[in-house]
Structures are given as structure tokens and as C-alpha cells.
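Naming convention: chains lettered A, B, ... in sequence-line order (proteins, then strands); numbering from 1 in each chain.
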There are 2 protein chains.
Amino acid sequence: MKTNDSLSPQRAGKAHVVSGVIHGLLQGRWRGGERLTEDAVAQIFAVSRTPVREGMLELAAMGMVQLRRNCGAVLQPFGPKQLSEIYAVRTLLEVEAARLAAVHIPASLVDTLRLDFERLQKEKRPDEGWKFDQLLHTTIATQSGNVRLAAEINRYTLLVQTMREAVGEVLSGIQSKSIKEHIEILECLGQRDATGASEAMKRHLDQAERSALAAVYTLQ
Amino acid sequence: MKTNDSLSPQRAGKAHVVSGVIHGLLQGRWRGGERLTEDAVAQIFAVSRTPVREGMLELAAMGMVQLRRNCGAVLQPFGPKQLSEIYAVRTLLEVEAARLAAVHIPASLVDTLRLDFERLQKEKRPDEGWKFDQLLHTTIATQSGNVRLAAEINRYTLLVQTMREAVGEVLSGIQSKSIKEHIEILECLGQRDATGASEAMKRHLDQAERSALAAVYTLQ
DNA sequence: GGAATCAGGATTGTATACAATTTCAAGCCC
DNA sequence: GGGCTTGAAATTGTATACAATCCTGATTCC
């Protein structure tokens, strides 16, 4: 059993198990409710059970599988409803972070981000734009001043990113709308407008949810 | 090395490593910034490295330690600031859950909870009261209708519960205030008053934070 | 004398073997 | 015939051994 599809990365490791299972779940390789034994996963990814176990724990923390002692892991269903729930929590966390960051963030940092962003806008490089989106979200999370809140946000950022990889979501088309939303957020942060920043962040994430939803739908 | 203090539970296992490290951190056995090797933890709890590794992953997910590849785990500092951050996120999640639950919760369930609660109030059994608190929070989380939100809330409930164990927080004294807050929440839920329920929940959690803060302070 | 290099030790990452627990179905008792 | 018991298979939980990686300190070259 030495297949070479997207489910079997060449190099072993816990991270590949995690992303591989998510890919498989989103791409319809497995269905929600199915039970996965550690041995089965280990054989699929050609690794031992040790990294599989650790990967499953991570997947359980992500809410992708449910672990029961000595009973195996059951894959949780994934569809529009689940995606919506993910974005509901993510929005809750990031809107609060934007509100807090508007108070704490140094003006110099806002200016730096704005310059980076304007330079990017002229160059029009899609892949770089994706990095900026991540930078903005990470910065706001950090500047909220709440380390734990930032950590939770990063967890969701990572989850969404892994999902994007799995469905091969094309991001270049989103850029035009996304750019405007980013500018709005930055403007509010610069003016220390907490309410405005949180509202702008909410609009941005609602848009991102719609985009992700479309990507998942076209998948099936 | 077969000590029998609170850091060395009789029975081995991942769960004991997790609670044991948290106990040690909150009780001043270790300080924030200290580095823990897997071998050291394994010896302290008299288990092999396998459950230690899994426990450390869980602790990292809780934000109690920071893991770096091949570098060991550094304990995160824990004090009033960290406690406040935990409650900030917990409040964010549970207030939203209360808002949502007020819309979705069946009237029959509210009545059942109310009856349970009134019966409990007459019997005045402190340990049972603690269970009801947990039941109320869990029910509201579930009735939010967002499975993922409920899962995140349960993570924090578990974290707070473990911390309470670690500091030996006495809960009997809180009951008198807590009872009133519980009633308020139930009233609002029964009337489908989303705003009221969320505000009542916020007041309840703010009170719980103050109580937890006092417990941590008296500890040191 | 200072900085880059390289070897040794320390520590995590993975593989495998074994123990403990659970599940599930066949068999037995009522 | 239905429900309980029981035992074997399956599966997870733990222990140990080994491989890979990283940190540290002494050594050497400039």
C-alpha cells in the first residue's frame, strides 16, 4: 500500500496526518460519522501509530473528530452548517480583538501596515495579498493585548487555512473586495474607533464566510 | 522516587499529568518561564514519556505550556492577569451562547432546570449546587445550537474546573450570591429575553472571576 | 583574542511491543 | 424465544528502544 495521492504525503509526521485527514474529510474521501481506527490511518499515511495518535488529538481539539476512550475516533460531519459554526466562533473572537486592538495598537504600527498594504495594492501580487490578510489578522489578535484571545484566534486562522488548502480555494478573485475591507479596518484602527473597527472586521469575516461557503459548495 | 504528594497521583495516565502540572503551576511548585523536559515530568509522575507527551499537547492547547520542536516545553506564567484573560474569553463565548440559547431553548427545559434548582435551594447541599452550576452552563452552551461554540465553552469549563481543584477553591460561600444570578439567567431564558440573558450571564461570570481571583490571591 | 566549526550530550520525534479495556457476537440459562 | 453471561477479537493506552534534531561548549583557525 504505497499510494501517492493527496492523502499520502511523501514525508511522515503528525502534521501530515492532520492535514491529510482534513483534506480527506472535505474532499469526500470519508463521510461524517465514519469510524477511523488508528491502525487504518497509520497504514494510509505509512507512519506508525504514535504520530497518528497525536494527530488525532489535534484533530479532536479542532473539532474534526470525536475521541472516545478505547472506542476509536468518529469523524464529525463537515458541510455548510459546520463551516458556518466555525465562522460564527471565529467572528466572535476576532470582532472582540478588533475592538480591543483599536484602543491598544500603536499609531506607528497602523502606519506601517498601511504602507505595506498600499505598496502591495500597486504591485498586485495575489499570493502576497494572502500573506497580508494573515498578517493583519495576526497583528490585530496580538494587539488586542489578550494573549489567550490571540492564541484562540490563531487556532482558528490555522484551521481555516488548512481548510482552504484542502478545497484549493482560489483567493485571487476575492482580493478586490477584500482590499476594500482591509482598508476600512485599518482606517478605524488609525482613528482609535473601536466600534467601527469591530463592525468593519465583522463585515470582512462575513464576506470571507460567503467565499469559503462557495468554495465548499463547488467542491461537491 | 515514589512520592505521594498532590503531584503524584496513585494511578498513571495522561489526565493525571495534565491536572498535576496545572496543580504544580498554580501551587507555586514551578514558575512561569521554567522549562520542563518530558523525562523530568515522566519521572515525577512515574509514567513513561508517551502519556507525558500527550498530556503536554493538551496543556499546550490549554495555553499552560508552550511547545517548541525539539526544544522542550516552557511553562507559561500564571497569575491574576492570566486568570483575567481566561475569563475574558470565557465570558465572550458564554454571553453569546446565552443570547443564542434564549431564542432556541425549549420552555420545558427551562422549567425542568428551574424545578431542579428550587429543589436544590431548599436542600442546601453545597456540593450538589456546584453540579447545578455546571449543568446550567452546559445546557446553555448546548442550547445555543452551535455545536462548535458549545465545545469551546466546555473546554473552558474544564479548564476552570481543573484550576478550582488545584487551588482548592471553596465554593460553599459563593452559593448565596450565585443562586440569585442563576435565577436571573433562568428568568430571562424563560421569557426568551436574549439581551437580558446575556447580561445576566455576564454579571454571573464577572462575579465568578472575582471569586476565582480571590482564591488565587489567598493562595500566594 | 575573537569568531566560526564541529563534536558530544541532551532532548524530542518515531517505531514497535506489550498491557488494559472495550466491543460484539455466540452460547447458555431461564 | 429473550435476556444475561462470557470469551475472544479488536482497539486503544502505555512502555521501551531507536532515530533525528537541536543545544552547548571546547577547539581551532584567522
Side-chain angles (χ1 to χ4, degrees), chain A residues 1-3 7-21 24-25 30-76 158 162, chain B residues 1-4 7-22 24-25 30-76 158 162:
Chain A
M1 158 109 44
K2 191 66 181 297
T3 58
L7 291 175
S8 305
Q10 274 70 18
R11 301 193 176 282
K14 176 186 69 173
H16 294 281
V17 172
V18 173
S19 64
V21 170
L25 190 61
W30 297 298
R31 286 187 171 274
E34 229 171 305
R35 284 233 306 244
L36 280 183
T37 67
E38 294 178 359
D39 256 322
V41 178
Q43 285 197 355
I44 290 172
F45 294 98
V47 294
S48 80
R49 273 181 49 218
T50 309
V52 170
R53 278 181 67 79
E54 297 190 354
M56 292 309 244
L57 287 173
E58 204 167 311
L59 286 165
M62 285 182 177
M64 290 302 175
V65 302
Q66 190 172 4
L67 262 47
R68 291 175 56 183
R69 186 181 174 85
N70 288 329
C71 297
V74 313
L75 284 165
Q76 297 302 100
L158 203 67
T162 307
Chain B
M1 162 107 43
K2 192 64 182 299
T3 57
N4 246 352
L7 291 174
S8 305
Q10 274 70 18
R11 301 195 175 281
K14 177 185 68 173
H16 293 281
V17 172
V18 173
S19 64
V21 170
I22 292 182
L25 191 60
W30 297 298
R31 287 188 170 273
E34 229 172 304
R35 285 233 304 246
L36 280 182
T37 67
E38 294 178 359
D39 256 323
V41 178
Q43 285 197 357
I44 290 172
F45 294 98
V47 294
S48 80
R49 272 181 49 216
T50 309
V52 170
R53 278 181 67 80
E54 297 190 355
M56 291 309 243
L57 287 173
E58 204 166 312
L59 286 166
M62 285 182 178
M64 290 302 174
V65 302
Q66 191 172 4
L67 262 48
R68 291 175 56 183
R69 186 180 174 85
N70 288 329
C71 297
V74 311
L75 286 165
Q76 297 302 101
L158 202 67
T162 307

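Under the salt bridge (charged side-chain N to carboxylate O under 4.0 Å, His left out) criterion, B/Glu54 pairs with A/Arg53, not counting sequence neighbours. For A/Thr50, the side chain to side chain contact (heavy atoms under 4.5 Å, CB included) criterion is met by A/Ser48, not counting sequence neighbours. Partners of A/Glu58 according to the salt bridge (charged side-chain N to carboxylate O under 4.0 Å, His left out) rule, which considers only residues two or more places apart in sequence or in another chain, are A/Lys14.
The CG atom of B/Asp39 sits 17 Å away from the P atom of C/dG9 (whole-angstrom rounding). Rounded to whole angstrom, the span from the NZ atom of A/Lys14 across to the C1' atom of D/dA20 amounts to 16 Å. Here the P atom of nucleotide D/dT12 and the CD atom of A/Gln66 are 14 Å apart, to the nearest Å. Rounding to whole angstrom units, CD of residue B/Glu38 and C1' of D/dA15 are separated by 14 Å. The distance between atom CG of B/Leu67 and atom P of C/dT11, rounded to the nearest whole Å, is 15 Å. Summarising the geometry, the separation between CZ on A/Phe45 and P on C/dT14 is reported as 14 Å, rounded to the nearest angstrom.
Atoms CD1 and OG1, from B/Ile22 and B/Thr162 in turn, are 5.0 Å apart once rounded to the nearest 0.5 Å.
For the pair A/Ile44 and A/Trp30, the tightest heavy-atom approach, listed with the atom from each and the gap, is CD1-CZ2, 3.7 Å. Closest approach of A/Arg49 to A/Asp39, counting heavy atoms only: CD-OD1, 3.9 Å. The minimum heavy-atom distance between B/Gly13 and B/Pro51, with the atom names listed, is C-CB, 4.3 Å.
Listed nucleotides: C/dT11, D/dA15, D/dT14. Nearest to the side chain of A/Arg49: D/dT14.
If you check residues 50-63 of chain B against DNA chain D, the residues with a heavy atom closer than 4.0 Å are B/Thr50, B/Pro51, listed by number.
Side-chain contact between B/Met56 and B/Leu36 is present, with at least one heavy-atom pair separated by less than 4.5 Å.
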So which protein N/O to nucleotides 21-23 of chain D N/O distances come out below 3.5 Å?
unit_1: D/dT21; atom_1: O3'; unit_2: B/Asn70; atom_2: ND2; d: 3.3

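Within the nucleic acid shown, A/Leu36 comes within 4.0 Å of sugar-phosphate atoms alone, with no base atom in reach, counting heavy atoms only.
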For residues 59-69 of chain A, run the donor-acceptor check on the side chains, cut-off 3.5 Å, and write out each pair with its distance to 0.1 Å, sequence neighbours left out.
none

